[in-house]
Visitor: 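One structure is given below, represented as structure tokens, and several questions about it will come after.
Whatever order the structure lists ligands and atoms in, that order sets their numbers, starting from 1. Residue numbers count from 1 along this sequence.
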Amino acid sequence: MKIYLVGGAVRDQLLGLPIQEKDWVVVGATVNEMLQQGFRQVGKDFPVFLHPKTHEEYALARVERKIGKGYTGFDFDASSSVTLEDDLLRRDLTINAMALSAEGELIDPFHGKEDLENKILRHVSKAFVEDPVRILRIARFAARFSQFGFTVAPETMSLMKEMVNAGEVDALVAERVWKEWEKALNEKNPEKFFEVLFECGALQVLFPAIQLNENLMKASSVISDPEMQFALSLFGVSLVDITSICDRYRVPTIFRELAILLTTFYPVYIKITEYPAEYLLDFLQKTDSFRRDVRFKKFLKMCEIIAAVYSQPQSTAFIMQAFEAAKISYLEADLKGLTGKQIGELIYQKRLNAIKALSFYHQ
Ligand code: ATP
Ligand code: MG
């Protein structure tokens, strides 16, 4: 048997990036031979093993054949006669289809190194169309590598358009969409994920309510927080549509909450200085600012970005002044003998007085 380093580790090494995880391919071995060597089988769908010591993934070289719609409809052959080139051929991008032997020889039948140098995301073969997840993966790699100047090859983009037109994107399951979307939110340029999906037509199928806003996308690129990236990308979408997108893709609450908070309260943010103190306190309470100040500060940061894009009022300094003033502390003794309702009223009055005392209200 022969073992090769493959996929992302080879790519990242050539790019001079830190290697996240190592994936290995084993050629010329059987499942039994692997088990005899102490590997532990983990793959449900195809033979993948964990190394007894390093716990890195070792997969038997395999070829895949599409036998049905969607991406569950795959058959595979992982017999010991499958070659390394056969295995590389089933991969999505040329830059992901290189292998490195133990002797340090690069095996690169699809010119991935050249595409890496020319910064091109290019599919390996026509079999690309067999798995719609690849559309999401390309969009995600664009989000990761556009900082280095990578773009999608025109012929790959054409293929992605064909897949969308053939209805392949309809077969994507919600979990896979969210998984790739979430990864993209953690990349350097998450906005590229939507840009690529828009260009091939997948955005219109997967997220029909989302309209791309180039200025806002550009302004958001200074943010490196995935939850904020999520909320900003949904800004401009109605609350009803945000909810249905989050339901459809089973988006975790932490993302959902921030997007809803931003869309609900941005209109208040830009008007807040025109309203009386009672209204400001109401705003601080409804955004749960006192208990969830980290989230509240994320909200304010996003409002600043949006207000800058649309040339609308910046209210953060004013809001923070009120927030700090109203963040009152009180002694246990003050609350002695009071009911829950009375405590609530007491705190409300103290906060309101603190806000009303701000010089802003005495001009
Ligand atoms: P990352 O740095 O995000 O881990 P990666 O390229 O290693 O990037 P993985 O998801 O770990 O991506 O997959 C490992 C390799 O398996 C890829 O480099 C690619 O060659 C292949 N691969 C993964 N998913 C697919 C797919 N849906 N279609 C074709 N090839 C795939
Ligand atoms: Mg990987």
Visitor: Could you list the atoms of ligand 1 found under 4.0 angstrom from a heavy atom of Arg144?
Guide: 1 (P), 2 (O), 3 (O)

Visitor: Taking the Mg ion (ligand 2) as the centre, how many protein N/O/S atoms fall inside a distance shorter than 2.8 Å?
Guide: 1

Visitor: State whether a side-chain donor-acceptor pair under 3.5 Å links Trp24 with Glu57.
Guide: no

Visitor: Ring centres of Tyr269 and Phe283 under 6.0 Å apart?
Guide: no

Visitor: For the residue pair Asn96 / Arg11, report whether a side-chain donor-acceptor contact shorter than 3.5 Å exists.
Guide: yes

Visitor: Would you please indicate yes or no on a ring centroid separation below 6.0 angstrom for Trp181 and Phe194?
Guide: yes

Visitor: Looking at Asp131 and Arg90, is any side-chain nitrogen of the basic one under 4.0 Å from a carboxylate oxygen of the acidic one?
Guide: no

Visitor: Under 4.0 Å between a side-chain nitrogen and a carboxylate oxygen: does that hold for Lys341 and Glu345?
Guide: yes

Visitor: Identify, for atom 6 (O) of ligand 1, the protein heavy atom at the shortest distance, and state residue, atom and that distance.
Guide: Arg11 NH1, 2.8 Å

Visitor: A quick test of your reading: do over 12 heavy atoms of other residues, nucleotides or ligands sit less than 6.0 Å from CD of Glu214?
Guide: no

Visitor: Are any side-chain N or O atoms of Thr94 and backbone N or O atoms of Gly112, one a donor and one an acceptor, separated by less than 3.5 Å?
Guide: no

Visitor: To check your reading of the model: name the closest protein heavy atom to atom 28 (N) of ligand 1, its residue, and the distance in Å.
Guide: Arg134 NE, 2.7 Å

Visitor: Using a 4.0 Å cut-off to any heavy atom of Asn96, which atoms of ligand 1 qualify?
Guide: 6 (O), 18 (O), 19 (C), 20 (O)

Visitor: With a 3.5 Å distance limit and no angle check, can you tell me whether Thr263 reaches the backbone of Ile260 through a side-chain donor-acceptor pair?
Guide: no

Visitor: Looking only at protein heavy atoms, which one is nearest to atom 10 (O) of ligand 1, and how far off is it?
Guide: Arg137 NH1, 2.9 Å

Visitor: Should Lys183 be listed as contacting ligand 1, given a heavy-atom distance under 4.0 Å as the test?
Guide: no

Visitor: Considering heavy atoms of the protein only, find what lies nearest to atom 27 (N) of ligand 1 and give residue, atom and distance to 0.1 Å.
Guide: Asp131 OD2, 2.9 Å

Visitor: Please check if the side chain of Asp247 supplies one atom and the backbone of Ser244 the other of a donor-acceptor pair under 3.5 Å.
Guide: no

Visitor: Identify the protein heavy atom lying closest to atom 15 (C) of ligand 1, giving its residue, its atom name and the separation to 0.1 Å.
Guide: Arg91 NH1, 3.5 Å

Visitor: Can you confirm whether or not the ring centre of Tyr266 sits under 6.0 Å from the ring centre of Phe235?
Guide: yes

Visitor: Just jot down the ligand 1 atoms closer than 4.0 angstrom to any heavy atom of Gly7, in number order.
Guide: 18 (O)

Visitor: So which heavy atom in the protein is nearest atom 30 (N) of ligand 1, and how far is it from that ligand atom?
Guide: Asp92 N, 3.2 Å

Visitor: Between Phe128 and ligand 1, find which residue part has any heavy-atom pair under 4.0 Å and reply side chain, backbone, both or neither.
Guide: neither

Visitor: Going by the order shown, which atoms of ligand 1 are within less than 4.0 Å of some heavy atom of Arg140?
Guide: 3 (O)

Visitor: For the ring pair Phe255 and Trp178, is the centre-to-centre distance below 6.0 Å?
Guide: yes

Visitor: Give the residue, atom name and distance (to 0.1 Å) of the protein heavy atom nearest atom 4 (O) of ligand 1.
Guide: Glu21 OE2, 3.1 Å

Visitor: Ligand 1 versus Asp23, non-hydrogen atoms closer than 4.0 Å: side chain, backbone, both, neither?
Guide: side chain

Visitor: Establish, from distance only, whether the side-chain atoms of Asp77 and Ser79 form a donor-acceptor pair under 3.5 Å.
Guide: yes

